[in-house]
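Order of appearance sets the numbers: ligands from 1, and atoms from 1 within every ligand.
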Amino acid sequence: MKITVVGAGAVGATCADNIAREALADELVLLDIKEGLAEGKAQDMTQTAALLGFDTRIIGCTNDYAKTEGSSVVVITSGIPRKPGMTREELIGTNAGIVKGVCQNILKYSPDTIVVVISNPMDTMTYLALTSSGLPKTKVIGMGGILDSARFRYQLSQHLGCSPADLNAVVVGGHGDTTMIPLIRFATWGSTPVTKFLTPEQQKQIVADTMVGGATLTGLLGTSAWYAPGAAGMALVESIVRDEKKLFTCSVSLDGEYGQKDICLGVPVVLGKNGWEKIVEFDLNDEEKAAFNKSAGAVRAMNDVLKTL
Ligand SMILES: NC(=O)c1ccc[n+]([C@@H]2O[C@H](COP(=O)([O-])OP(=O)(O)OC[C@H]3O[C@@H](n4cnc5c(N)ncnc54)[C@H](O)[C@@H]3O)[C@@H](O)[C@H]2O)c1
């Protein structure tokens with residue numbers, strides 16, 4: 001099993017570190033455009049092997065795509081992150097060129113790979129990766145909803161005083177401060193709806209705090225977060241390479257599901273060795289459907305910006 005992570009910055013390096021610790025690959029390639037960065041981080045990570053006990057060979061390289069040859073999964077994290085006060089959408093001008101170029105280079109050496117897109121604005125970057133690569137739709141997967149759902153579980157756990165691991169909670173829609181939809185009506189603690197334990201005010205607060213989860217961290221850190229995004233990237237890759245069939249919200253190409261077409265948007269999907277294998281359609285009520293359609297409208301407007309670049 002060979003996995004490549006493009007971009008050895010905060011998110012890429014954290015994702016790679018988690019992939020190595022979980023022993024998901026025999027060989028892990030870390031690639032960056034900045035001279036020496038990926039080589040240095042790969043060597044630093046490799047020096048943890050004696051302490052943590054993993055055998056993954058970690059190879060760092062500067063823009064040398066030949067080293068990525070034969071990768072089963074490629075995770076794209078290259079691009080600029082947002083600064084405090086910025087939206088993810090403001091990154092499109094710079095990141096579209098980076099993501100498109102990276103996809104072209106990757107496919108020269110791994111034409112059958114599964115591509116996981118993390119760079120923002122993620123839904124639009126996933127759409128760009130899909131339309132510019134010619135890969136089957138099941139092999140292009142955007143990472144966002146799995147992270148937002150983890151943040152939703154964190155917020156719920158703080159109010160309920162429980163373990164996030166005991167919560168089942170899903171965020172769908174776009175991966176943006178105003179486009180994501182935490183589906184609180186479907187969230188459960190054990191098998192009981194969380195709404196049974198929370199006042200309407202608490203529920204509103206949890207949803208609002210989840211939606212600005214990334215922006216809150218950007219305000220504190222001065223750049224976007226990396227531990228949870230890196231772990232989310234790893235969990236997504238794990239379900240693919242171990243064929244776990246886990247249900248995670250990912251941005252995938254819709255063809256009528258949830259009433260949308262020609263767009264990549266966050267919906268619950270089963271992830272296995274073939275990429276995303278099935279979309280699970282939740283029975284949304286009118287209010288949730290309206291929020292999903294509004295979210296799709298905003299992401300579609302962002303996709304239209306690609307035509308102007
Ligand atoms: N989808 C999500 O849930 C999520 C979460 C967090 C961050 N992000 C996004 O992930 C991206 C990376 O964030 P970060 O915090 O790691 O940023 P970072 O600046 O720490 O790292 C980005 C890396 O990409 C590299 N890079 C730039 N152009 C490249 C190219 N053409 N080829 C290879 N490498 C290139 C840079 O040299 C840098 O090392 C950002 O766009 C950020 O908004 C997404």
Side-chain angles (χ1 to χ4, degrees), residues 4-18 29-42 60-65 67-68 74-84 86-106 115-129 141-152 171 173-177 179-180 210-218 221-237 248-252 264-266 299 302:
T4 289
V5 177
V6 180
V11 175
T14 309
C15 184
D17 189 34
N18 280 300
V29 178
L30 190 57
L31 180 149
D32 203 283
I33 201 168
K34 194 170 168 202
E35 194 75 42
L37 181 72
E39 288 87 338
K41 290 207 178 176
C61 62
T62 305
N63 238 15
D64 181 1
Y65 282 87
K67 295 233 165 64
T68 70
V74 175
V75 183
I76 300 178
T77 75
S78 45
I80 51 166
R82 58 180 169 161
K83 296 271 171 254
M86 278 175 96
T87 65
R88 296 172 176 95
E89 286 74 11
E90 286 172 69
L91 307 172
I92 188 170
T94 307
N95 287 356
I98 293 175
V99 169
K100 197 170 172 186
V102 167
C103 278
Q104 283 164 353
N105 285 322
I106 282 295
V115 171
V116 175
V117 180
I118 296 189
S119 312
N120 274 319
M122 184 279 295
D123 299 288
T124 297
M125 293 303 103
T126 306
Y127 182 77
L128 175 65
I141 302 165
M143 192 293 284
I146 174 175
L147 168 65
D148 300 328
S149 300
R151 288 177 171 158
F152 188 22
V171 176
H175 175 60
D177 298 345
T179 56
M180 71 178 76
T210 300
M211 292 175 77
V212 295
T216 304
L217 291 172
T218 303
L221 299 167
T223 183
S224 68
W226 55 89
Y227 291 117
M234 180 281 293
L236 197 161
V237 171
F248 287 133
T249 300
C250 295
S251 187
V252 301
C264 291
L265 211 55
V299 169
M302 192 49 46

- prompt: Where is the nearest protein heavy atom to atom 19 (O) of ligand 1: which residue, which atom, and how far?
  reply: Pro81 CD, 3.5 Å
task: Decide yes or no for Arg88 and Asp177: does some side-chain heavy atom of the first lie under 4.5 Å from some side-chain heavy atom of the second?
output: yes
- line: Atoms of ligand 1 under 4.0 Å from any heavy atom of Thr77, numbered from 1 in the order shown, are 11 (C), 12 (C)
field: Check: Asp17 side chain, Ala13 main-chain N or O, donor-acceptor pair, under 3.5 Å
entry: no
Asn120 vs Arg82 side-chain heavy atoms within contact, under 4.5 Å: no
Among Val75, Val74, Leu30, the one residue meeting side-chain contact (heavy atoms from CB on, under 4.5 Å) with Thr4: Val74
task: Answer side chain, backbone, both or neither: which part of Pro229 comes under 4.0 Å from ligand 1, heavy atoms only.
output: side chain
- prompt: Can you find a heavy atom in the side chain of Ser78 that is under 4.5 Å from one in the side chain of Ile33?
  reply: no
- prompt: Considering only protein heavy atoms, which is closest to atom 44 (C) of ligand 1, and at what distance to one decimal place?
  reply: Ile118 O, 3.0 Å
query: Is it the side chain, the backbone, both or neither of Met143 that has a heavy atom closer than 4.0 Å to ligand 1?
result: both
message: Please list the nearest protein heavy atom to atom 21 (O) of ligand 1 with its residue and the distance rounded to 0.1 Å.
response: Gly9 CA, 3.2 Å
- request: Tell me which part of Ile98 gets within contact of ligand 1: side chain, backbone, both or neither, using heavy atoms under 4.0 Å.
  value: side chain
task: Could you tell me the separation between the CG atom of Leu91 and the CD1 atom of Ile80, rounded to the nearest 0.5 Å?
output: 5.0 Å
- line: So the atoms of ligand 1 within less than 4.0 Å of a heavy atom of Ala225 turn out to be 6 (C)
query: Does Gly7 offer a backbone N or O that forms a donor-acceptor pair with the side chain of Thr77 under 3.5 Å?
result: yes
statement: Numbered in order shown, the ligand 1 atoms found under 4.0 Å of a heavy atom of Val11 are 6 (C), 7 (C), 13 (O), 14 (P), 15 (O), 16 (O)
field: Distance, nearest 0.5 Å, that separates CG of Asp64 from CG of Asp32
entry: 13.0 Å
- prompt: Leu91 heavy atoms, cut-off 4.0 Å: which ligand 1 atoms fall inside?
  reply: 43 (O)
query: For atom 35 (C) of ligand 1, what is the nearest protein heavy atom, given as residue, atom name and distance?
result: Ser78 CB, 3.4 Å
- line: Among non-hydrogen protein atoms, atom 22 (C) of ligand 1 lies closest to Gly79 O, 3.2 Å
query: Do Leu31 and Thr68 have side chains that get closer than 4.5 Å, going by heavy atoms?
result: yes
- prompt: Is any side-chain heavy atom of Met122 closer than 4.5 Å to a side-chain heavy atom of Ser251?
  reply: yes
- request: Using a strict cut-off of 4.0 Å, indicate which atoms of ligand 1 neighbour a heavy atom of Ile80.
  value: 40 (C), 41 (O), 43 (O)
query: Counting from 1, what ligand 1 atoms have a heavy atom of Asn120 closer than 4.0 Å?
result: 4 (C), 8 (N), 9 (C), 41 (O), 42 (C), 43 (O), 44 (C)
- prompt: With atoms numbered from 1 as shown, which atoms in ligand 1 lie under 4.0 angstrom from a non-hydrogen atom of His175?
  reply: 1 (N), 2 (C), 3 (O)
message: When you compare the side chain of Lys83 with that of Thr223, does any pair of heavy atoms fall below 4.5 Å?
response: yes
Close approach of Asp32 to ligand 1, heavy atoms, under 4.0 angstrom: yes
- prompt: Nearest protein heavy-atom contact for atom 32 (N) of ligand 1: which residue, which atom, what distance?
  reply: Ile33 CB, 3.8 Å
message: How far is atom 20 (O) of ligand 1 from the closest protein heavy atom, and which atom is that?
response: Ala10 N, 2.9 Å
message: Please work out, at 4.0 Å between heavy atoms, whether the side chain, the backbone, both, or neither of Asn95 comes within that distance of ligand 1.
response: side chain
- request: Pull out every atom of ligand 1 sitting under 4.0 Å from any heavy atom of Leu37, numbered as shown with elements.
  value: 39 (O)
query: Hey, are the side chains of Leu221 and Trp226 touching, using non-hydrogen atoms and a 4.5 Å cut-off?
result: yes
field: Residue that, paired with Val171, satisfies side-chain contact (heavy atoms from CB on, under 4.5 Å) out of Asp148, Ile146, Leu147, Thr249
entry: Asp148
- request: Pick one of side chain, backbone, both or neither for how Ala232 approaches ligand 1, counting any non-hydrogen atom pair under 4.0 Å.
  value: neither
query: So which bit of Leu147 gets within less than 4.0 Å of ligand 1, heavy atoms only: side chain, backbone, both or neither?
result: side chain
